[in-house]
Peer 1: 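Quick one: structure below, then a few questions.
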Amino acid sequence: VQLQASGGGLVQAGGSLRLSCAASGRAFNLAIMGWFRQAPGKEREFVASRDWSGGNIRYADSVKGRFTISRDNAKNTVYLQMNSLKPEDTAVYYCATYRLGGYQDSTSYNYWGPGTLVTVSS
């Protein structure tokens, strides 16, 4: 599986962005997909995940109620709608395919895209 995230950019606090992650490979439709982020000087952290059917949807507490993960299996794409953005949401956002283990653990994911930068100004 190859992943390519896009949609990042500069936005003011309170604004919105939608990230996309296009995937190639037959296994996409069965894969649990996740979004992670890494801010400068910090460890990569879990943001959201969901499986192909819409189940197993999970969010980090810090984004719950503001972010929504969705996917279009026909387009091999997973999305992250981000609303009410805060400066602390500034990070490089990565999409990844889940393999085994805890859903919020980055080591449970085996394929990663190169990431897209989101900058939220105050």
Peer 1: Identify whether the distance between the nearest side-chain nitrogen and carboxylate oxygen of Lys86 and Asp89 falls below 4.0 Å.
Peer 2: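 Salt bridge between Lys86 and Asp89, a charged N being under 4.0 Å from a carboxylate O: no.
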Peer 1: Looking only at side-chain N and O atoms, does Thr97 offer a donor or acceptor that is under 3.5 Å from a partner on Asn110?
Peer 2: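 Thr97 and Asn110 do have a side-chain donor-acceptor pair below 3.5 Å.
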Peer 1: Could you tell me whether the side chain of Leu80 reaches within less than 4.5 Å of the side chain of Val47, counting heavy atoms only?
Peer 2: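 Contact flag for Val47/Leu80 side chains = yes.
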Peer 1: Are Tyr98 and Tyr103 an aromatic pair, judged by ring center distance below 6.0 Å?
Peer 2: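 When the ring centroids of Tyr103 and Tyr98 are compared, they turn out to be within the sub-6.0 Å range.
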Peer 1: Measuring only between side-chain heavy atoms, which start at C-beta, is Tyr79 closer than 4.5 Å to Asp72?
Peer 2: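 Side-chain contact under 4.5 Å: yes.
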Peer 1: Hey, is the main chain of Gly102 close enough, under 3.5 Å, to the side chain of Ser108 for a donor-acceptor pair?
Peer 2: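 Side chain of Ser108 to backbone of Gly102: a pair is present.
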Peer 1: Can you give me the closest heavy-atom contact between Pro87 and Ser122, atom names plus distance?
Peer 2: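 That closest heavy-atom pairing would be CG-CB, 3.8 Å.
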Peer 1: Decide whether a cation-pi geometry holds between Arg44 and Tyr94; the criteria are a distance under 6.0 Å from NZ or CZ to the six-membered ring centre and an angle within 45° of the ring axis.
Peer 2: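 Yes, cation above the ring, under 6.0 Å and within 45°.
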Peer 1: Report yes if the side chains of Ile69 and Ile57 come closer than 4.5 Å at any heavy-atom pair, otherwise no.
Peer 2: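 Counting from C-beta outward, Ile69 and Ile57 do come under 4.5 Å.
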Peer 1: Does Ser84 offer a backbone N or O that forms a donor-acceptor pair with the side chain of Arg66 under 3.5 Å?
Peer 2: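 The answer is yes, because a donor-acceptor pair under 3.5 Å joins these two groups.
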Peer 1: Which is it for Tyr109 and Phe36 under the ring-ring contact (aromatic ring centres under 6.0 Å, His included) test, yes or no, and what are the steps along the way?
Peer 2: CA-CA 10 Å; Tyr109 294 74; Phe36 286 76; 4.9 Å; yes
Peer 1: Taking the side chain as everything from C-beta on, heavy atoms only, tell me whether Val120 gets closer than 4.5 Å to Glu88.
Peer 2: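 The answer is no, as the side chains (C-beta and beyond) never meet within the 4.5 Å cut-off.
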Peer 1: Given 3.5 Å as the limit, does a donor-acceptor pair link the side chain of Tyr59 with the main chain of Ser62, or not?
Peer 2: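 The answer is no, because no donor-acceptor pair under 3.5 Å joins these two groups.
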Peer 1: Do the side-chain N and O atoms of Ser16 and Asn83 include a donor-acceptor pair separated by under 3.5 angstrom?
Peer 2: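 Looking only at side-chain atoms, Asn83 and Ser16 do form a donor-acceptor pair, the distance falling under 3.5 Å.
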Peer 1: Using modelled atom types and a 3.5 Å cut-off, is there a donor and acceptor pairing between side-chain atoms of Thr116 and backbone atoms of Ser6?
Peer 2: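 Here the side-chain-to-backbone pair does not exist.
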Peer 1: If you look at every heavy atom in Leu10 and Ser121, which pair is closest and at what distance?
Peer 2: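 Where Leu10 meets Ser121 most closely, the heavy atoms are CD1-CB, 4.3 Å.
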Peer 1: Does any N or O in the side chain of Asn73 come within less than 3.5 Å of the main-chain N or O of Asn76, such that one atom is a donor and the other an acceptor?
Peer 2: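 Here the side-chain-to-backbone pair does not exist.
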Peer 1: Against the six-membered ring of Trp35, is Arg50 placed for a cation-pi contact (under 6.0 Å from the centre, within 45° of the normal)?
Peer 2: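 No; the conditions do not both hold, so Arg50 does not lie above the ring face of Trp35.
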Peer 1: I'd like to know if the side chain of Arg37 pairs up with that of Tyr93 as donor and acceptor (distance under 3.5 Å, no hydrogens or angles considered).
Peer 2: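 Their side chains do contain a donor-acceptor pair, which is all the 3.5 Å distance test asks for.
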Peer 1: To check you understand the geometry: which heavy-atom pair defines the closest contact between Leu117 and Ala91, and what is its length?
Peer 2: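 In this case the closest contact between Leu117 and Ala91 is CD1-O, 3.6 Å.
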Peer 1: Could you report the tightest heavy-atom contact between Ser70 and Val78, atom names first, then the distance?
Peer 2: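 Heavy-atom minimum between the residues: O-CG2, 3.1 Å.
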Peer 1: Are Tyr111 and Arg99 close enough that some pair of their side-chain heavy atoms sits under 4.5 Å apart?
Peer 2: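 No, every pair of side-chain atoms sits at 4.5 Å or beyond.
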Peer 1: How far apart are the closest heavy atoms of Gly8 and Leu19, and which atoms are they?
Peer 2: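 Looks like N-CD2, 3.6 Å.
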